[in-house]
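One-based numbering, in listed order, for ligands and for the atoms of each. Note that the structure is predicted; figures quoted are calculated from it, not measured.
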Amino acid sequence: MTRSFFSSTDLPARLLWIRRVLPIAVFFAVAVYETFSFFFLRTISDLFHILADLLIYGTVGPVTIGFTVNWIAQRIEEADRALVAKDQAEREHQRAVEAAREQERLLAAVCSNSADAILTLDNGGIIKTWNRGAEMIFGYTGDEIVGKHFRLIIPPDVDARGEVEWLSQQVKAKGFIRNYETQRVAKDGRRVIVDLTRTLLYNEQGEIIGSSAVLRDITERVRAEQAIQQLNLELEAKVAERTAQLAAATDELRRRNRELEKANQDLQKLDELKSEFVSMVSHELRAPLTNINGSIELLLSGDAPCYDRSHRDLLQIVGEQSSRLTRLVQGILNVSRIEAGQLILQPQAFNMVALIEKVIGVWESRGVANQFEHPTAQNLPSVWADRDRTEEVLFNLIDNAIKYSSEGAPIHIEAAADDKFITVSVSDRGVGIPSDEVDKIFDKFHRVARGDNTETYGHGLGLYICRRLVEAQGGQIGVDSVLGEGSTFRFALPLAGRSELEPIVSPRRQVGGRR
Ligand code: ADP
């Protein structure tokens, strides 16, 4: 590509070149011309003429040309700079216009695609634009509604309240209204609860040209809030109701409590009366029974007048029944004493093996057929308990072992000590106890219903008294039994000389309390 001598890009360089070369060329041209003129010189005035030409055309001329070209180059540079600046300004303006258009497009996209309804109204309330959100919320398409008054989406009752006018006043006064909760109506007649924001729109001259409205559908949220409010109200009502019920129940409970306390006091009095009565009756029964027993023993003894055999048998029966009655009376008396807190314990240190031998001796003297296997002269430490009460317990357990075994069956008695207690066990090979009864036989008046011919005479007091007596002395009683094979009753009492155990059985301790 050939570039012209005056192409704009290197024009300043060329002008610079011309500014240097042209004056020199003019000077040489003048000099050459004047040299030729010198050869045709005729007069002295011609010489002066040549010298003047040389001065003017050879000096002033080139200098003037140099300045002129320089001036032109400067003007061209200035024009160039102005052109570049203008170009830059135009490009910046173009960029700003593009950015503004992009923003406008974005804004338009946001408005038209927003899930909220965005509409513009003119000063007369006529709808000018209607976005997709508005279509979705109210069901009208833009074509159906643009050009119509926005009253179309205001429910008649809301309109009747003068909301349209009130809203215009508010918007005119402040320029906008924000987060105003109201109702609108959709094309299908559905009520829509909306959060409304309305703003005045101005043109470039600052004149009001209409307003924009953004409506957010908050129907679901409001319904949920209303449901929660309703639930809260119901809950409060229920709480109030329950509180009232609770207060009533508490009052009732207090009343019942008072009644119970009174009944308890009455019962306690009755109990005391009962105990006194039982104790009195038992005492009254015991004295004549002792006399009857003594008399019968006398009648049956060898020294007494002798009756025939049938009389003796009858007297024997009377004696046995009287002994049973005495035992029952004694049992009842014991129970009533224990429960009235009148049983007095007198603990002491004694030898358990000696006590076992004594009790067995009593039974043997009564002529029972059972074989007793028992410890003899064992080197056991002394026990700390009430000797008479312990004898009663042992007597009772052996009595039961005899009662609930077949005649002549062996009864095994053992005593063993650990570092705290002496444990006595009484084992028999009798009828045994059903497993579901084992926990109950120590209860007052509880008897095992056998339902067969092994039913034995008794009152269900013996084991109850044993338990109360053993526990009152800081001990324990229990049983292992296999039905049809036999039972082993064990009771443990504290060792004498065990200082930490002795306070459990204090001297003259009273056993009391209801069970
Ligand atoms: P009682 O013998 O007067 O009925 P107890 O309180 O002494 O009252 O005994 C309660 C129940 O325990 C008895 O009815 C009896 O069935 C059962 N029982 C007690 N000792 C034995 C035993 N050695 N063998 C089997 N059953 C027993």
Of the protein's non-hydrogen atoms, which lies at the shortest distance from atom 16 (O) of ligand 1, and what is that distance?
Arg450 NH2, 3.0 Å
Can you tell me how the ring of Phe489 sits relative to the ring of Phe442, calling it parallel under 30°, perpendicular over 60° and tilted otherwise?
perpendicular
Atom indices of ligand 1 within 4.0 angstrom of Asn400 heavy atoms, with elements:
2 (O), 7 (O), 19 (C), 20 (N), 23 (N)
Any idea which protein heavy atom is nearest atom 21 (C) of ligand 1, and the distance to it?
Tyr404 CD1, 3.4 Å
Near His446, which atoms of ligand 1 are under 4.0 Å from a heavy atom of that residue?
10 (C), 11 (C)
Are any of the side-chain nitrogens in Asp188 or Arg190 under 4.0 Å away from the carboxylate oxygens of its partner?
yes
For ligand 1, is Gly432 a contact, meaning one of its heavy atoms is under 4.0 Å away?
yes
Taking C-beta and beyond as the side chain, do Met352 and Leu493 meet within less than 4.5 Å on heavy atoms?
yes
Is the distance between the ring centroids of Trp384 and Phe421 under 6.0 Å?
no
Run the salt-bridge test on Asp480 and Arg490 with the 4.0 Å N-O cut-off and return the result as yes or no.
yes
Before signing off on this row, confirm whether Gly460 and ligand 1 have an N or O atom pair separated by under 3.5 Å.
yes
Thr326 side chain reached by Thr290 side chain, heavy atoms, under 4.5 Å:
no
Which of the numbered atoms in ligand 1 are under 4.0 angstrom from any heavy atom belonging to Lys403?
1 (P), 2 (O), 3 (O)
Ligand-residue contact atoms, ligand 1 with Ser487, heavy atoms, under 4.0 Å
24 (N), 25 (C)
Run the contact test for Phe489 against ligand 1 with a 4.0 Å cut-off on heavy atoms, strictly below, and give the result.
yes
Provide the number and element of each atom of ligand 1 under 4.0 Å from a heavy atom of Leu461.
6 (O), 8 (O)
For Leu463, is at least one N or O under 3.5 Å away from an N or O on ligand 1?
yes
Note: His459, heavy atoms under 4.0 Å from ligand 1, region reported as backbone
